[in-house]
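Notes to accompany the following structure.
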Amino acid sequence: MTRSLRFRLLAGAAVWIVLALAMAGVVLSGLFRDHVMARFEAELGNHLAQLATLLEIAGDGKPVLTQPLSDPRFRRPLSGLYWQVGPADAPVLRARSLWDEILQLPKDEVADGEIHQHRIPGPGGRFVIVMERMITLPASAASPSANPIRIAVAADESELLAVVDAFERVLWLSLGILAAVLIAAALVQVAVGLQPLTRLRDELAALRSGAKRRFDSAVPSEVAPLVADLNALLSHSEEVVGRARLQAGNLAHALKTNLSVLANEAEALTPETARTVAPAMARRVTLMRRHIDHHMARARAAASRGLPGSGTPVLERAAGLARTLEKLHAGRGITLTVAVPPGLAFAGEREDLEEMLGNLMDNACAWARGRVVVSARRGVAGMISVLVDDDGPGLPVDRREAVLTAGVRLDESTPGSGLGLAVVRDVARLYGGDVRLADSPLGGLRAELMLPSQD
C-alpha cells in the first residue's frame, strides 16, 4: 500500500465519487424507464379506449369504425402502432398499419371490462407491447343479441427502448463529466488541505539545515497540537544539550583540581611516604567518584525531565532499598518500615529515584537509634511527597539548610565528601521538586522529598 497521504485521499474520494454517481445513474435510469413505460402504457390505454368508443354494430351485424382513430400512424403501413378487432386468428377489423399481418394474440380469457397486457412478436419480427380487452357492443336490428368483441392495440417496443437508450447515453455521459469535475475538485481540495503539511516539510528541512530553530508558521487547529509537541521536543532537546554541556564543564572543573593533586602526590610518592600518602590519595579518588556520581545524576535527571512515559513505582524502589539497608545496618538492629501506598509513581528514571531515596534512607539509618519509617502521600499540583523519618538525635534548625549544600556533612568527624544530600536536592530540583528537613514524629529528623507524579 502506498504511503502517500495525498494518493490515499484522492483514491478514496475518486472511489466514493464513482460509486455514488454509478448508484445515482442506476436509480435515475430505472426511474426514467418506469416513467416512460407508464407513459407508454397510458398512451396505449388511451388508444384502446378510443377504439372501443368508435366501434359499433353495422346494419349487417358486423362491427365497424364510425371514424378513423386520431393517430395517423395507424394508417401508415408498419408504422409501429397497430390495432385489431375480433378473434386472434381471424380478426374482423384491423389497422392499415398492420398491412397483411395480424397480431398473434395469446389464448387468453379476458373478462368484460378487464385490460390485459402482453409482449408478443409483431410485424417484421419486432416485439410489440399489446393491450387488449373485451367489450360488448349494443344490440342492433341485424344483431338482436349482444356479443362480446375482443379488441387490441399494440405499439413497437423498440420505440420505448430507443427513448430509454437515448436518455441513458445522455445520463451516463453527464455523470461521467460530473465525476471528472468532482475528482478534479477533490484534487484541488486535497492540494489545498495538505498545503500546511507541505509548509511543515519545508520548515523541517530548514530546521535540519540550521536555518530555523522552531516551527513558526500558522497551521490548522488539527495539526497545531502536533506542532506544539514538536516545538516542545525541540526545546527539551536544546535544554538537554545545554545542561549536558554545563554538567560536563562542572565535572571537568571538579576533577581537574583533584587530578592535579593526585598527579603531584604520585610524582612525590616514595616507599617511605607511601604508607602516609596512600589514604589521602584513596580519599581523593573517593571524592572524585562522588563528583562523577553527582554530575551523572544531574545529567540523567536533566535528560529525563519532561519525557512522556517515564515512571517509577515508589513502593517497589523503597522496599528494595529497605531490604538492602537492613542488611547493611544489621549489626545495629535498625528496623526499616515502608508504608508507601501502591499506585504512586515518580515521573522520572528509576536510577534517579534510587539515588535520592537511597541517600535519604541511608542517612536516616546512619543516625537512627533503632527505627526508620518511609512513607509517601499524594501532594498538590501533580506532586508526591516521600517522607523518611528516624528516631535519632535530630538536627538543629539553623543547620538544616547548610547540610543540603555540597561539601557540608552532618558529622565532620566522619569521612565523606558531603555530596549526598546535595545530590538529592539538585536532582529533585531538576525534576521540579525539592527536599525539606523538619522534626520527625519519631523524635529525630524528617526528610521530605517532593517529586512529580506520573499521574
Side-chain angles (χ1 to χ4, degrees), residues 29-168:
S29 177
L31 291 175
F32 182 77
R33 183 183 295 270
D34 293 342
H35 173 73
V36 172
M37 188 65 186
R39 296 292 301 171
F40 188 80
E41 292 173 353
E43 185 179 2
L44 285 181
N46 291 334
H47 291 315
L48 189 64
Q50 186 181 23
L51 178 62
T53 303
L54 297 177
L55 278 175
E56 65 178 31
I57 301 299
D60 56 0
K62 296 180 180 181
V64 295
L65 279 178
T66 57
Q67 65 182 51
L69 272 66
S70 59
D71 198 313
R73 288 177 294 173
F74 286 118
R75 297 185 290 276
R76 190 170 66 247
L78 305 178
S79 63
L81 190 60
Y82 316 105
W83 63 263
Q84 72 180 25
V85 177
D89 53 350
V92 295
L93 292 174
R94 57 183 177 173
R96 185 177 181 184
S97 56
L98 279 172
W99 200 242
D100 56 353
E101 298 192 35
I102 61 174
L103 298 174
Q104 301 293 334
L105 299 176
K107 295 181 179 180
D108 192 13
E109 295 293 334
V110 183
D112 190 13
E114 288 184 353
I115 297 178
H116 287 193
Q117 183 174 312
H118 309 285
R119 180 176 181 270
I120 61 173
R126 297 184 296 183
F127 280 90
V128 295
I129 304 297
V130 179
M131 279 190 175
E132 63 167 339
R133 62 177 292 189
M134 298 293 291
I135 63 172
T136 301
L137 297 176
S140 64
S143 179
S145 61
N147 293 318
I149 299 176
R150 189 178 189 183
I151 63 174
V153 175
D156 197 335
E157 187 185 45
S158 61
E159 295 185 5
L160 171 66
L161 298 178
V163 173
V164 173
D165 290 343
F167 173 79
E168 289 185 345

Minimum heavy-atom separation for [X] to [Y], with atom names?
X	Y	answer
M131	G45	SD-N, 3.7 Å
I102	P91	CG2-CG, 3.7 Å
R75	S70	NH2-O, 4.3 Å
Q84	L103	OE1-N, 2.9 Å
W83	F74	CD1-CD2, 3.2 Å
S97	R73	CB-O, 3.4 Å

Working to the nearest 0.5 Å, report the span between [atom1] of [X] and [atom2] of [Y].
X	Y	atom1	atom2	result
L93	L51	CG	CG	8.5 Å
E43	L160	CD	CG	11.0 Å
I151	L105	CD1	CG	11.5 Å
E114	E132	CD	CD	10.5 Å
R96	R76	CZ	CZ	11.5 Å
D156	F40	CG	CZ	7.5 Å

Practice item. Give a yes or no answer on whether the side chain of R133 reaches the backbone of A49 with a donor-acceptor pair at less than 3.5 Å. Key: no
Side chains of [X] and [Y]: does their closest heavy-atom pair fall under 4.5 Å?
X	Y	answer
L161	F127	no
V153	V130	no
R119	I129	yes
P123	W99	no
I57	P63	yes
H47	L81	yes

Check your understanding: Are T66 and E56 linked by a side-chain donor-acceptor pair shorter than 3.5 Å?
Key -> no
Point to revise | Sole candidate of T53, L48, L54 that passes side chain to side chain contact (heavy atoms under 4.5 Å, CB included) when paired with Q50 | key: L54
Check your understanding: How are the rings of H35 and F32 set relative to one another: parallel (under 30°), tilted (30 to 60°) or perpendicular (over 60°)?
Key -> tilted
Review point. Can you tell me if CZ on R39 sees more than 12 non-hydrogen neighbours from other groups inside 6.0 Å?
Key: no
